[in-house]
Amino acid sequence: MTQALTRNLSLELVRATEAGALMAGRWMGRGDKEAADGAAVDAMRQVLGTIEMDGVVVIGEGEKDEAPMLFTGERVGRGDEPKVDIAVDPVEGTRLLAQGMPNSIVVMAVAERGSLYGWQDVAYMEKIAVGPDAAGAIDIELPVGENLQRIANAKAVEVSDLTVVILDRPRHEGLIRDVREAGARMKLIVDGDVAGGLMAAMPGTGIDVLMGIGGSPEAVITACAIKCIGGEMQTRIWPRNDDERTVVRERGLDVSKVHQLDDLVQSEDVFFVATGITDGELLRGVHYFADGATTHSLVMRERSGTVRYVESSHQLRKLRELTDLPFD
């Protein structure tokens, strides 16, 4: 760990997620996912450019020819130190935001250079994630019912007391059946599996475990958050089509290999920040008032174990004076 990375970046980084949420929040319920995502990207990129760091986006909006800003490989920040990798999802849950549904958030994780898992080989992963009270109890190789019993034992509750969050997808028909047969409760979500992982790991959300198959980039971002909290996450790559199965075969990837938390995030100093865009179980969304708005953010650092909830009130007139962004 470099000496420079001992500087606490948390409150500098949350400025970027707040800006993204303030801009994207104007598009809530308006049915335009691309416009909402673009507004968040523009805002975050401008704020990240003011932070004293040498950042490289390793999980972003796609390759350079597909995403003109916050693309994978883009350098952000205005300093030479600390040298960090950045994983960002400017709008996690674009469909949720476009339809005015809960749990759309802006998320970003920052870690030591070269410490985040290179997900590009296969775009999906099978996942299981829990909070600190069930860390050490899960095993992705075990049947669903056995995992739920082990989680219940760790929490000193019955399986029927547990709630499992799962993405509502046809590929999860078997998983949903297994959860029901085990007797646990279930929350199906339309999108947003970073938010789902956060809900499973944080207290007070009513969610006990995330299960199912979701995006590999989201797995890495979620792992950063769970490492800060002290929970546990396990994943396995899940090739979804013949092209990805060819990649697995040509690169000699092992689809049975279980990726532990430290495989996904090797750094011992990880920052995670999230700001709500729409109201949800974990964070309140952006609320606007006359020439102002409020935001609600989650800010965490693995090195110190600190978890902060940041409630901010913004005067949009002053933000317009300080930036090139149209905080209308």
Side-chain angles (χ1 to χ4, degrees), residues 1-21 44 47-48 50-59 76-89 92 105-117 129-136 154 194-195 197-205 207 210 218-234 260-276 281-284 295-312:
M1 185 64 57
T2 63
Q3 182 66 29
L5 195 49
T6 60
R7 188 174 103 247
N8 193 337
L9 297 172
S10 301
L11 295 182
E12 296 175 71
L13 298 172
V14 78
R15 290 173 45 240
T17 57
E18 287 177 342
M44 294 186 74
V47 176
L48 287 171
T50 69
I51 299 175
E52 288 290 338
M53 65 179 181
D54 176 9
V56 175
V57 177
V58 297
I59 293 175
V76 295
R78 64 177 187 180
D80 297 323
E81 294 287 344
K83 299 186 184 301
V84 297
D85 283 347
I86 297 172
V88 59
D89 194 342
E92 208 248 343
I105 58 177
V106 181
V107 292
M108 180 168 57
V110 173
E112 184 181 9
R113 179 72 50 83
S115 64
L116 299 182
Y117 174 78
V130 294
D133 52 359
V194 174
L198 281 169
M199 287 189 284
M202 296 293 291
T205 64
I207 304 296
L210 167 77
E218 289 82 0
V220 177
I221 295 173
T222 304
C224 291
I226 290 177
K227 191 161 189 179
C228 291
I229 299 165
E232 184 178 8
M233 182 175 186
Q234 296 176 5
Q260 305 287 343
L261 201 57
D262 286 342
D263 297 319
L264 300 173
V265 189
Q266 297 176 18
S267 176
E268 295 305 317
D269 201 356
V270 181
F271 299 92
F272 177 88
V273 292
T275 300
E281 286 92 339
L282 185 69
L283 293 168
R284 294 191 302 278
T295 56
H296 189 211
S297 302
L298 174 64
V299 184
M300 301 187 286
R301 187 185 188 189
E302 188 273 340
R303 183 177 185 135
S304 63
T306 304
V307 177
R308 293 183 173 92
Y309 284 96
V310 178
E311 299 184 13
S312 301

Determine whether Arg284 and Glu311 satisfy the following criterion, side chain to side chain contact (heavy atoms under 4.5 Å, CB included), listing intermediate values before the conclusion.
CA-CA 9 Å; Arg284 294 191 302 278; Glu311 299 184 13; 3.2 Å; yes

Can you check side chain to side chain contact (heavy atoms under 4.5 Å, CB included) on Leu48 and Met53, steps first, answer last?
CA-CA 9 Å; Leu48 287 171; Met53 65 179 181; 3.9 Å; yes

For the pair Val106 and Glu18, evaluate side chain to side chain contact (heavy atoms under 4.5 Å, CB included) and give the outcome as yes or no after the intermediate values.
CA-CA 8 Å; Val106 181; Glu18 287 177 342; over 6 Å; no

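With sequence neighbours left out, the salt bridge (Lys or Arg N to Asp or Glu O under 4.0 Å) criterion links Arg15 to no other residue. The salt bridge (Lys or Arg N to Asp or Glu O under 4.0 Å) search around Glu12 returns Arg7, not counting sequence neighbours. Residues forming a side-chain hydrogen bond (donor to acceptor under 3.5 Å, both in side chains) with Arg78 (at least two apart in sequence, or on another chain): Glu52. Take Ala154 and apply the side-chain contact (heavy atoms from CB on, under 4.5 Å) test, not counting sequence neighbours, and it matches Ala134, Ala137. Legend: residues meeting salt bridge (Lys or Arg N to Asp or Glu O under 4.0 Å) with Asp54, ordered by chain and number and at least two apart, are Arg75, Lys83, Arg113. Applying the side-chain hydrogen bond (donor to acceptor under 3.5 Å, both in side chains) rule to Glu92 yields no partners; only residues at least two apart in sequence or on another chain are considered. Partners of Thr205 according to the side-chain hydrogen bond (donor to acceptor under 3.5 Å, both in side chains) rule, which considers only residues two or more places apart in sequence or in another chain, do not exist here. For the side-chain hydrogen bond (donor to acceptor under 3.5 Å, both in side chains) test, residues two or more places apart in sequence or in another chain that qualify with Asp133 are Lys155. Considering only residues two or more places apart in sequence or on other chains, Glu302 meets the salt bridge (Lys or Arg N to Asp or Glu O under 4.0 Å) condition with none of them. Under the side-chain contact (heavy atoms from CB on, under 4.5 Å) criterion, Thr222 pairs with Val194, Ile226, Met233, sequence neighbours left out.
Nearest heavy-atom pair across Met300 and Cys228 is CB-CB, 3.7 Å. When every heavy atom of Leu283 is checked against every heavy atom of Gly276, the shortest pair comes out as CD1-N, 3.7 Å. The heavy-atom pair separating Asp85 from Ser115 by the smallest distance is OD2-N, 3.7 Å. When every heavy atom of Leu282 is checked against every heavy atom of His296, the shortest pair comes out as O-CE1, 4.2 Å. When all heavy atoms of Ala19 and Val47 are compared, the pair lying nearest together is CB-CG2, 3.8 Å. Residues Ile221 and Ala87 share a closest heavy-atom pair of CG1-CB, 3.7 Å.
Considering only heavy atoms from C-beta on, Thr306 stays 4.5 Å or farther from Ser10 through its side chain. Under the 4.5 Å side-chain criterion, counting only non-hydrogen atoms from C-beta, Tyr117 is not in contact with Val265. At least one side-chain heavy atom of Phe272 sits less than 4.5 Å from a side-chain heavy atom of Leu198. Two residues are said to be in side-chain contact when any heavy atoms from C-beta on lie closer than 4.5 Å; Ile229 and Pro132 meet this criterion. Side chains of Thr275 and Val14 form a contact here, defined as non-hydrogen atoms less than 4.5 Å apart.
Distance check, rounded to the nearest 0.5 Å: CD1 of Ile105 to CG of Leu298 gives 8.5 Å. Rounded to the nearest 0.5 Å, atoms CD1 (Ile86) and CD1 (Ile51) are 7.5 Å apart. Atom CZ of Phe271 sits about 8.5 Å away from atom CZ of Arg303, to the nearest 0.5 Å.
Arg301 pairs with exactly one of Asp269, Leu13, Val270 by the side-chain contact (heavy atoms from CB on, under 4.5 Å) rule, that one being Asp269.
In this structure, the side chain of Glu232 does not engage the main chain of Val130 through any donor-acceptor pair within 3.5 Å. Side chain of Lys227 to main chain of Ser267: a donor-acceptor pair is present (N/O by atom type, distance under 3.5 Å, no hydrogens or angles).
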